[in-house]
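For reference, the structure is listed below as structure tokens.
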Amino acid sequence: MDSANRAAIGASEPSPRTLAELATGERCILERLDLPEGLARRLMELGFLPGHEIIPGRRAPGGGPRVFQVDGSEVALREETAARLYVRLHPESDVAVTS
Amino acid sequence: MSDCHGASPRAGLLPNPSILPPRPANDRPIIVAIVGPPNAGKSTLFNRLTGLRQKVANFPGVTVEHRMGKAKLKDNHEVFLVDLPGVYSLHPRAEDEQVTHDVLKGERGDFPKPDAVILILDATNLGRHLVLAAPILDLGLPTLVLLNMADDLEQRGGKVDIAALSSDLNTPVALISASKGIGIERIQQFLMGTAARLNAPPARIELPVLQDVPKCRQWAAKLGAQASYRAPAPPLWTRRLDAVFLHPVAGPLVFAAVVVAVFQSIFSWAKPLMDSLQGVLLNFGHWLTTVLPDSPWRSLLVDGILSGVGSVVVFLPQILLLFLFIGILEDSGYLARAALIADRTMAKFGLQGKSFIPLLSAYACAVPAVMATRVIENKRDRIATIMIAPLMTCSARLPVYTLIIAAFIPNIPLAGGFFSLPAATMLSLYILGFAAAIITARVLKSTILQSRGSSFILEMPPYRWPTLQSLSLRLLDRAKIFLKRAGTVILLVAVLLWVLAHLPLENGKTPPLEHSLAGMVGKGIEPAIKPLGFNWKIGIGLITSLAAREVIVGTLGTIYGIEGDELQQSKGLQAAVRQDLSTAGAVALLIFFAFAMQCFSTLAVVKRETGGWRWPAFQFGYMLALAYSGSWIAFHITRYFLG
């Protein structure tokens, strides 16, 4: 599986990024979900599937959960959940990855 | 992860293309289930198809609600429609998903297996929503696939080839707009089985492994591509509105304005409506008194039933106004944003943003609030929310607070006349209830209702205009429920109290209250409530208020035997209460009402929602203990300061 390979060669990147670390509008591709099965499945049903694009959006005022654009809809997640979703930057992302 | 179970790909046998099987000979009504993901427009479609011919019901034994309704077809036949809980898949995990799953599979003994399925999906998000088509088609039932929000799709430049999708799925597909009523006649045609018969003969279609979410999503993407699906542009207005509603500064301001508006609607805007309703009821009572001959029956009707039930019915405008507000907030999509904004604060007390919605409604009434906790998936979060909802100051406490404050709290201006002592007392009672609620939540969530990392996942629906039909159906529903309660529980208490206050007859005459059955009961509990500064008359009020808080006002009115018009009665009641209660006792009574669980309807709904008597019993005991100790402390402190 693609995500498994990625995890294995993860050393080529400085450190695996999580969805929680990204800036607003920074397009990324989901690699894997490090969450209990039930929660992971719910997120996948909402479009958080490995290989899918995610765009971080607005944060709730005062630093609450954050809205993510994913698979045609917008879903709010808490920071702690977003921190368990590992991503790589979108190849066409404006923010270039230096390597 | 659950991706790779060894199950082989299933091939779904394609259903009979006619949406409905031939009418059964034994004339069993035909049942069609409406299924779809949350926010796909299921309820709008259901309302559109059934109108007023619907009712809300609960599946026995579980907390999940469903709505049944009748749709009249043009050929004068009727089909029963059942609106099942919104699901993303048929993988049963949450309780509502389990119900949808069991009903569709025919695994619920108490509910017949549907004869056909209407699957409603959001056309503006077809890629993800089509995933649900796989498990639904796998059921092998005749299925009609509806792609809703056709108007939105077109407006935002999306498109889809219905014919191609229909042939790929091998089942009828229609593009509709449930809110605008576009394409509804197509559903009629399908239900009558006319259009469907033109379809191709049944054939197999390949379905992905249902447990494998990524595979199902790929399958849906392929179907979308084959149907030349073009996703619409992002909803521009939703983005624009979110820029304001979720703005770091403007967002909280709008949020605060919304909360204030809701409170304003409960307290001031509803008042003229309530006053006129009260006037109508009073005039009706006077009219009855003049028309009917003087007899015990007239007394029962006017002093017992009309004053008892009437004192509750006057709250109808207030409650409906609150539900109108909540309905607008929910249907427009703002409530999801409110939950998002509230999440951080609620998390501090161990709850989550979704608890905000029920707690807001609890200011009107705990009963709908408890039902509204269904949006919370985490069971422990949900029970914690149910446990604290009745501590919020519901509208039934208002008449009690108003009476006691008017009778005992002197009208001393505070803060340079900006505020007054009575208003400050009222506000303190609201704050007290809220504080007790959040502290209780904190305690519950860190002891018996601990949950590891309760998560908050909430889909943000695009903003939409609420439809008049959906709002009015909601209000009608609420009015029916409320009036039913007034006509049953409260009517019963009123009659019972009247009888108890008039028996046993002494020399063929009504006895003095002290010697009546009600008096004896009051005397019986007096030793228990004396430490709080209450005498036996207040005791009778406390007992009757177990049915519903506001009943105590009517009860005190009855037991003081006060007559005359409303103004005098209110003044007279205040004077009478002052004879029986010291100021310290009055403060204790306020605290008692702030904390005690005096509402049978709430207990009943908590029992239903938690599936047993354990939680309501705990809640009753906890709140009673809180009320008793709270008012004991308040009594002694006030007495100490007032000498």
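The structure presented is a predicted model; accordingly, all values stated were derived computationally and were not measured. Values below: every heavy atom of this structure, side chains too, minus hydrogens, waters and symmetry copies. Residue numbers begin at 1 in each chain, while the letters A, B, ... track the order of the sequences.
For Ala243(B), the parts sitting under 4.5 Å from any heavy atom of chain A are the backbone and the side chain alike. Interface residue Asp242(B): backbone and side-chain heavy atoms are both found under 4.5 Å from chain A. Proximity to chain A is limited to the backbone of His247(B), based on heavy atoms less than 4.5 angstrom apart. For Leu35(A), no part lies under 4.5 angstrom from a heavy atom of chain B.
Rounded to the nearest 0.5 Å, atoms CD (Glu45(A)) and CD (Glu459(B)) are 11.5 Å apart. A distance of 11.0 Å separates CZ in Arg78(A) from CZ in Arg344(B), rounded to the nearest 0.5 Å. Distance check: Leu49(A) CG to Lys215(B) NZ gives 12.0 Å after rounding to the nearest 0.5 Å.
When side chains are defined from C-beta on, Arg128(B) does not count as touching Val70(A), because their heavy atoms never get closer than 4.5 Å. With a 4.5 Å cut-off on side-chain heavy atoms, Arg217(B) and His52(A) count as touching. Within the 4.5 Å cutoff, the side chain of Ile457(B) has heavy atoms near those of the Arg42(A) side chain. No side-chain heavy atom of Val75(A) sits under 4.5 Å from any side-chain heavy atom of Leu458(B). Using a 4.5 Å heavy-atom threshold, the side chains of Tyr88(B) and Leu46(A) count as touching.
For Gln155(B), the CD atom is loosely surrounded, since the number of other residues' heavy atoms within 6.0 Å does not exceed 12. Other residues, nucleotides and ligands contribute only 12 or fewer heavy atoms inside 6.0 Å of the CD atom of Glu154(B).
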CA sep, side-chain torsions, deciding dist, call: Met460(B), Ser73(A), side-chain contact (heavy atoms from CB on, under 4.5 Å) | CA-CA 7 Å; Met460(B) 298 279 124; Ser73(A) 55; over 6 Å; no
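By the 4.0 Å N-to-carboxylate-O rule, Arg239(B) lies close enough to Glu74(A) to be salt-bridged with it.
Pairing each heavy atom of Asp71(A) with each of Asn125(B), the nearest pair is O-OD1, 3.1 Å. Residues Ile341(B) and Pro61(A) approach most closely at CG1-CD, 3.8 Å, considering heavy atoms.
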